[in-house]
Number of protein chains: 2
Amino acid sequence: MQAPSSQYEVTWLIRRLFRAMAQLADNYLRAHGLAAADRAVLEFLYPDETLAVPEIASRNQVSRQHIQVTVNALLEDGFLQSRPNPRHKRSPLFALTHVGRELFRKIRAAETELLNQLFADIPADDIECTRRTLQAMYFHNLAQGDTHESD
Amino acid sequence: MQAPSSQYEVTWLIRRLFRAMAQLADNYLRAHGLAAADRAVLEFLYPDETLAVPEIASRNQVSRQHIQVTVNALLEDGFLQSRPNPRHKRSPLFALTHVGRELFRKIRAAETELLNQLFADIPADDIECTRRTLQAMYFHNLAQGDTHESD
DNA sequence: GCAATATTGACAAATTACTTGTCAATATTG
DNA sequence: CAATATTGACAAGTAATTTGTCAATATTGC
């Protein structure tokens with residue numbers, strides 16, 4: 001029958017790659033006792049951001065309750081520290097501790113290894129073109145689909 | 001601090017786009033009473049494949065029990081039909097019915113609408129370059145990470 | 001053919017990764 | 001300062017999927 005369009009294939013590949021990447025990343029994260037949600041929080045704070053729980057949640061488009069639990073656990077494990085929030089006295093800001101920053105740096109380094117394999121033999125120009133295109137897709141998407149609140 | 005590499009950004013965007021796309025697709029699928037897993041099965045069979053449950057599962061990298069349940073439901077709803085499997089008498093092959101094929105065609109058409117918005121203003125060359133790059137990534141990935149069985 | 005081994009479908013329970021609901025405490029704002 | 005909103009904590013619910021188990025039946029190696 002008709003060949004699928006390039007557009008369709010791009011979205012198909014995004015779906016497949018996401019799953020494949022998630023599996024690779026999960027294997028690695030598990031070795032450090034982290035879940036994907038933990039990694040996401042660390043990423044939002046790396047290297048020097050300070051954010052409150054509700055703000056991390058809204059940037060990550062997940063419920064604040066979920067991020068609350070994740071942040072509490074990371075705090076307990078010594079990867080995060082809290083500081084007073086000038087904008088809201090009940091909702092402290094969180095930042096990486098030195099240990100947390102080192103942890104995420106290591107995670108990134110390991111991921112970079114995987115990335116280098118994943119991108120082996122792909123010309124830099126193609127990677128840059130892909131980045132530009134996906135970014136445009138992402139912003140198109142946001143422009144039309146980012147008008148929902150919760151809670 | 002240091003700017004993230006293009007490689008890293010590409011994978012970041014894949015993660016973000018996957019989630020955004022999943023949300024868009026889910027809204028549409030729900031209207032047809034389907035879940036993402038149903039769509040995946042229909043896609044594997046569209047337009048004229050015939051596959052047994054364990055084979056769909058292995059291609060989709062999910063457990064055969066999960067696909068079994070999904071296929072049973074689609075069969076009950078009249079979207080699939082079974083035929084004898086020459087390679088295994090207990091494990092019939094499944095194919096789309098006419099209704100099932102029409103359903104998936106409609107899903108695809110609706111998705112194409114969304115895709116056209118998502119890709120609006122992106123040059124065809126960039127889309128093609130992106131497709132080529134993602135495909136290369138996907139095959140790199142498969143080449144190294146496809147050696148695990150289950151069950 | 002026939003025995004040993006493997007595969008399959010069915011079902012149940014467990015797991016993961018969240019969301020939603022609720023509430024009291026405390027903030028912010030008008 | 002009173003009305004309203006936000007936050008953190010906790011509980012319960014949900015969706016999608018995995019894992020475990022089993023009996024039935026296939027396939028295979030001899």
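Order of the sequence lines fixes the chain letters, A, B, ..., with proteins taken first and strands second; residue numbering starts at 1 for each chain.
Here D:dT17 presents its P atom at 16 Å from CD of B:Gln68, a figure rounded to the nearest Å. The nearest whole Å value for the distance from the NZ atom in A:Lys89 to the C1' atom in C:dT28 is 10 Å. Here C:dT16 presents its P atom at 13 Å from CG of A:Asp38, a figure rounded to the nearest Å. Note: CZ (B:Arg87) to C1' (D:dT25) measures 18 Å, nearest angstrom. Between B:Asn85 atom CG and D:dT27 atom P the separation is 9 Å, expressed in whole Å. Following rounding to the nearest Å, A:Asn60 (CG) and C:dA17 (C1') show an atom-to-atom distance of 12 Å. Distance A:Ile56 CD1 to D:dG8 P: 10 Å, rounded to the nearest Å. Distance A:Asp26 CG to D:dT17 C1': 14 Å, rounded to the nearest Å.
Proximity note for B:Arg90 (side chain, C-beta onward) versus D:dA16, C:dC11, C:dG9: the nearest is C:dG9. Nearest nucleotide to the side chain of B:Ser91, out of D:dT6, C:dT22, C:dT8: C:dT8. Each of D:dT19, C:dC18, C:dA17 was ranked by its minimum atom distance to the side chain of B:Ser63; first place goes to D:dT19. Considering only the side chain of A:Gln65, D:dC10 comes nearest among D:dC10, D:dA16, D:dT18. Considering only side-chain atoms of B:Ala37, the nucleotide from D:dT17, C:dT22, C:dA10 that sits closest is D:dT17. The side chain of B:His88 approaches D:dA26 more closely than any other nucleotide in the set C:dT28, D:dA26, C:dC18.
Between A:Arg15 and B:Glu43, at least one side-chain nitrogen of the basic residue sits less than 4.0 Å from a carboxylate oxygen of the acidic one, meeting the salt-bridge criterion. A salt bridge links A:Glu111 to A:Arg39: at least one charged side-chain nitrogen sits closer than 4.0 Å to a carboxylate oxygen. Salt bridge status for B:Glu102 with B:Arg105: present, with a side-chain N to carboxylate O gap under 4.0 Å.
Partner of B:Tyr46 under the ring-ring contact (aromatic ring centres under 6.0 Å, His included) criterion, chosen from B:Phe79, B:Phe94, B:Phe104: B:Phe104.
Using cut-offs of 30° and 60° for the angle between ring planes, the B:Phe18 and A:Phe18 rings count as parallel.
For D:dA5, the paired nucleotide is C:dT26, the pair qualifying as Watson-Crick or G-U wobble because both relevant distances are below 3.5 Å. Shown here, C:dA12 forms a base pair with D:dT19; the pair counts as Watson-Crick or G-U wobble because both key distances fall under 3.5 Å.
Residue order along DNA chain C, read from the 5' end via each residue's closest nucleotide, puts B:Pro92 first among B:Arg19 and B:Pro92.
Distances shown here put every side-chain N or O of A:Asn72 at or beyond 4.0 Å from the OP1 or OP2 atom of D:dG8.
Note on A:Val69: nothing from the nucleic acid sits closer than 4.0 angstrom, heavy atoms only.
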